[in-house]
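A, B, ... follow the sequence lines: proteins, then strands. Residue 1 opens every chain.
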Number of protein chains: 2
Amino acid sequence: MDKKLNILLAEDDDNLGLLLHSFLKSKGFLVELARNGKLAFEKFNQSSFDFCIFDVMMPEMDGFTLAKEIREIDKKVPILFLTAKSMKEDKLEGFSLGADDYMTKPFSMEELLARIEAIMRRVETTQVLEDDVFMVGKIKFDAQSRMLYTQVQPTKLTTKENQLLKLLCKNENEILDRQATLRAIWGDDNYFNGRSMDVYIAKLRKLLREDDRIEIMNVHGKGFQLIIK
Amino acid sequence: MDKKLNILLAEDDDNLGLLLHSFLKSKGFLVELARNGKLAFEKFNQSSFDFCIFDVMMPEMDGFTLAKEIREIDKKVPILFLTAKSMKEDKLEGFSLGADDYMTKPFSMEELLARIEAIMRRVETTQVLEDDVFMVGKIKFDAQSRMLYTQVQPTKLTTKENQLLKLLCKNENEILDRQATLRAIWGDDNYFNGRSMDVYIAKLRKLLREDDRIEIMNVHGKGFQLIIK
DNA sequence: ACTTTGTGTTAAAAAAAGTTAAGCATTGTT
DNA sequence: AACAATGCTTAACTTTTTTTAACACAAAGT
């Protein structure tokens with residue numbers, strides 16, 4: 001109920017990074033610090049976050065690109081950008097990517113906290129803090145423990161099965177872009193990873209066959225879509 | 001409560017090294033001096049430090065590489081770099097590796113002291129000086145004395161068991177990178193050490209079996225993850 | 001229609017991890 | 001010095017997980 005908010009913080013300057021990390025932790029949040037966008041993207045796909053704070057300028061992958069990649073697979077998670085520049089164009093680009101807020105360095109810790117809380121108040125009403133448990137038709141799926149509670153025989157999913165089903169669930173009834181999914185789970189959207197994903201789709205279909213209202217539908221050339229009638 | 005701060009000092013120049021060592025000792029710190037990065041890395045993995053001071057230029061393994069290796073298994077421990085060069089690029093590289101501070105030689109002892117205390121003030125508020133005692137589910141684990149207090153029969157862990165479980169605990173709920181772990185505990189991530197680690201994972205699982213909320217989960221191709229439900 | 005590209009599915013191959021036990025040093029004990 | 005005990009590594013075998021291959025078919029473009 002009163003679960004701690006899980007924050008993904010992407011910041012390359014560790015002076016600021018560690019400072020924010022310890023500050024937010026002291027305020028009762030769980031914080032994961034990633035030192036560049038690429039690492040942050042991997043972390044995002046490996047666990048589950050309720051809130052994102054991204055520095056705009058980072059090596060490997062900047063904050064905007066990171067947000068763009070994440071938005072392809074998660075349309076809801078709140079994102080707050082940090083930037084040194086106070087330029088208008090940046091501000092706009094950030095918001096067009098689905099930013100929920102924006103702060104220009106330097107800023108006060110208390111103000112950051114206030115904004116996080118404001119965003120969460122706004123969001124929490126609609127979206128219950130996710131604990132990675134989904135109902136797929138009548139089948140329960142816990143992405144944390146990787147358990148799929150099918151009627152006949154609960155199954156422990158493998159890493160890849162779990163990641164893929166989780167993405168499908170988080171985007172229920174929406175088309176999950178093929179390339180974006182591959183980048184999120186396999187790190188690269190080449191041909192072979194694509195075929196690999198198709199194999200996993202087949203596996204998931206077999207596992208979910210027990211409830212005939214569940215369908216993993218293909219949208220030719222676009223991606224897959226989890227549909228529950 | 002008022003435990004002495006344990007400092008790991010990596011410095012190849014013995015003149016400076018011994019000077020710093022005795023100065024810091026006189027100020028009430030426990031100090032371990034390592035003459036190169038490789039030795040420092042080994043020391044770090046064998047005991048437990050609250051603070052690191054690394055010279056940037058050292059034989060065998062330089063301060064930056066050392067910091068990078070350490071950051072893979074410990075994201076929090078404060079690191080302060082010492083360098084002869086006052087070059088900007090170095091400074092930046094240091095910070096991106098998770099440096100908390102940076103000093104250019106020559107520097108005054110008193111200034112060093114002031115900086116250590118400043119960093120510790122910042123850190124100490126959130127993070128209690130770790131005494132290496134963890135709660136793994138309902139099982140107490142003291143990495144200092146190597147005791148695992150299982151209900152049935154408290155066990156004294158072996159060196160390797162202890163190191164591995166400690167790393168898992170310090171990174172609870174996060175994926176502990178396979179290669180990084182091997183380098184930290186075995187010094188080398190070759191095939192055989194990998195198999196050895198798998199044997200130890202099996203041993204730990206058996207020891208922790210008594211509490212079924214504890215799970216050492218494998219993330220295929222990435223590493224292991226200690227999960228407590 | 002026909003050709004290309006994308007997907008469905010199953011099976012085989014390859015890679016990674018789990019497990020048990022044998023081997024081999026190192027240490028301490030009698 | 002012989003012996004046992006301990007801790008770690010290596011080997012051997014098993015199982016799991018992921019990738020690649022192969023073949024069938026469907027969708028879209030020409």
Side-chain angles (χ1 to χ4, degrees), chain A residues 45-46 145-148 153-168 175-182 184-209 214-227, chain B residues 42 45-46 146-148 153 155-168 175-209 214-227:
Chain A
N45 293 123
Q46 274 156 10
S145 59
R146 293 192 195 165
M147 287 299 292
L148 185 69
Q153 174 104 56
T155 320
K156 172 122 190 169
L157 301 182
T158 73
T159 311
K160 289 274 193 293
E161 289 166 346
N162 190 62
Q163 285 180 288
L164 187 51
L165 183 54
K166 182 172 154 189
L167 272 192
L168 284 165
I175 297 172
L176 193 58
D177 183 77
R178 192 178 167 91
Q179 317 302 325
T181 308
L182 284 168
I185 300 181
W186 276 265
D188 184 11
D189 61 358
N190 66 40
Y191 172 78
F192 289 109
N193 289 338
R195 295 325 325 271
S196 206
M197 179 163 95
D198 290 332
V199 171
Y200 278 96
I201 288 289
K203 285 181 182 172
L204 289 180
R205 281 184 179 135
K206 193 177 282 181
L207 282 167
L208 299 171
R209 197 118 63 201
I214 303 170
E215 188 184 0
I216 299 179
M217 200 169 73
N218 173 257
V219 181
H220 197 95
K222 296 276 180 232
F224 295 98
Q225 189 176 17
L226 175 64
I227 293 179
Chain B
E42 284 172 23
N45 293 123
Q46 274 155 13
R146 293 192 196 166
M147 286 300 292
L148 185 69
Q153 174 104 56
T155 321
K156 171 122 187 170
L157 301 183
T158 72
T159 313
K160 288 274 192 292
E161 288 166 345
N162 190 62
Q163 286 179 289
L164 187 51
L165 183 53
K166 182 171 153 189
L167 272 193
L168 284 165
I175 297 171
L176 193 57
D177 183 77
R178 193 179 166 91
Q179 317 302 326
T181 308
L182 284 168
R183 284 193 300 273
I185 300 182
W186 276 265
D188 184 10
D189 61 358
N190 66 39
Y191 172 79
F192 289 109
N193 289 338
R195 299 324 327 275
S196 205
M197 180 162 95
D198 289 333
V199 172
Y200 278 93
I201 288 288
K203 287 181 182 173
L204 289 180
R205 282 187 179 133
K206 193 176 281 180
L207 283 167
L208 299 172
R209 195 118 63 201
I214 303 171
E215 190 179 4
I216 299 178
M217 202 163 68
N218 172 258
V219 180
H220 199 96
K222 294 270 182 246
F224 294 98
Q225 190 177 18
L226 174 64
I227 291 181

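In terms of position on DNA chain C, the residue among A/Lys206 and B/Asp198 whose nearest nucleotide sits closer to the 5' end is A/Lys206.
Other residues, nucleotides and ligands contribute only 12 or fewer heavy atoms inside 6.0 Å of the NZ atom of B/Lys206.
Backbone-only engagement by A/Phe224 is indicated by non-hydrogen atom pairs under 4.0 Å involving sugar-phosphate atoms exclusively.
For B/Lys222, there are no salt bridge (charged side-chain N to carboxylate O under 4.0 Å, His left out) partners at least two apart in sequence or on another chain. In this structure, the side chain to side chain contact (heavy atoms under 4.5 Å, CB included) partners of B/Arg205, at least two apart in sequence or on a different chain, are B/Ile201, B/Ile216, B/Asn218, B/Phe224. Applying the side chain to side chain contact (heavy atoms under 4.5 Å, CB included) rule to B/Asn45 yields the partners B/Phe41, B/Ile73, B/Gln163, B/Ala184; only residues at least two apart in sequence or on another chain are considered. Checked against salt bridge (charged side-chain N to carboxylate O under 4.0 Å, His left out), B/Asp177 has no partners two or more places apart in sequence or in another chain.
Atoms CG and CG, from A/Leu208 and A/Leu226 in turn, are 7.5 Å apart once rounded to the nearest 0.5 Å.
Of the possible polar contacts, one joining the A/Asn193 side chain to the A/Asp188 backbone as a donor-acceptor pair under 3.5 Å is found.
To the nearest angstrom, P of C/dG18 lies 12 Å from CE of B/Met217. Spacing between atom CD1 of A/Ile216 and atom C1' of C/dG8 amounts to 12 Å, rounded to whole angstrom units. Atom pair A/Ile201:CD1 and C/dG6:P shows a separation of 17 Å (rounding to whole Å applied). In this structure, the CG atom of B/Asn162 is 16 Å from the C1' atom of D/dT6, given to the nearest Å. Following rounding to the nearest Å, B/Gln225 (CD) and C/dA17 (P) show an atom-to-atom distance of 14 Å. Taking atom CD of B/Gln179 as the reference point, atom P of C/dA15 lies 15 Å away to the nearest angstrom. In this structure, B/Leu164 atom CG and C/dG18 atom P are separated by 12 Å, rounded to whole Å. In this structure, B/Leu207 atom CG and C/dG18 atom P are separated by 16 Å, rounded to whole Å.
When all heavy atoms are compared, the tightest approach of A/Gly194 to A/Arg178 is O-NH2, 3.4 Å.
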Query raised in the report: After noting the C-alpha distance and the side-chain angles of A/Arg146 and B/Glu215, does the key distance pass the salt bridge (charged side-chain N to carboxylate O under 4.0 Å, His left out) rule?
Result: CA-CA 12 Å; A/Arg146 293 192 195 165; B/Glu215 190 179 4; over 6 Å; no
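Contact annotation: B/Arg178 side-chain N/O to C/dA16 OP1/OP2 distance is not under 4.0 Å.
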Table of protein N/O atoms under 3.5 Å from nucleotides 25-29 of chain C N/O atoms:
none

Query raised in the report: Could you run down nucleotides 16-30 of chain D 5' to 3' and tag each one B, S or - for protein heavy-atom contact under 4.0 Å?
Result: -SBBBSB----SS--
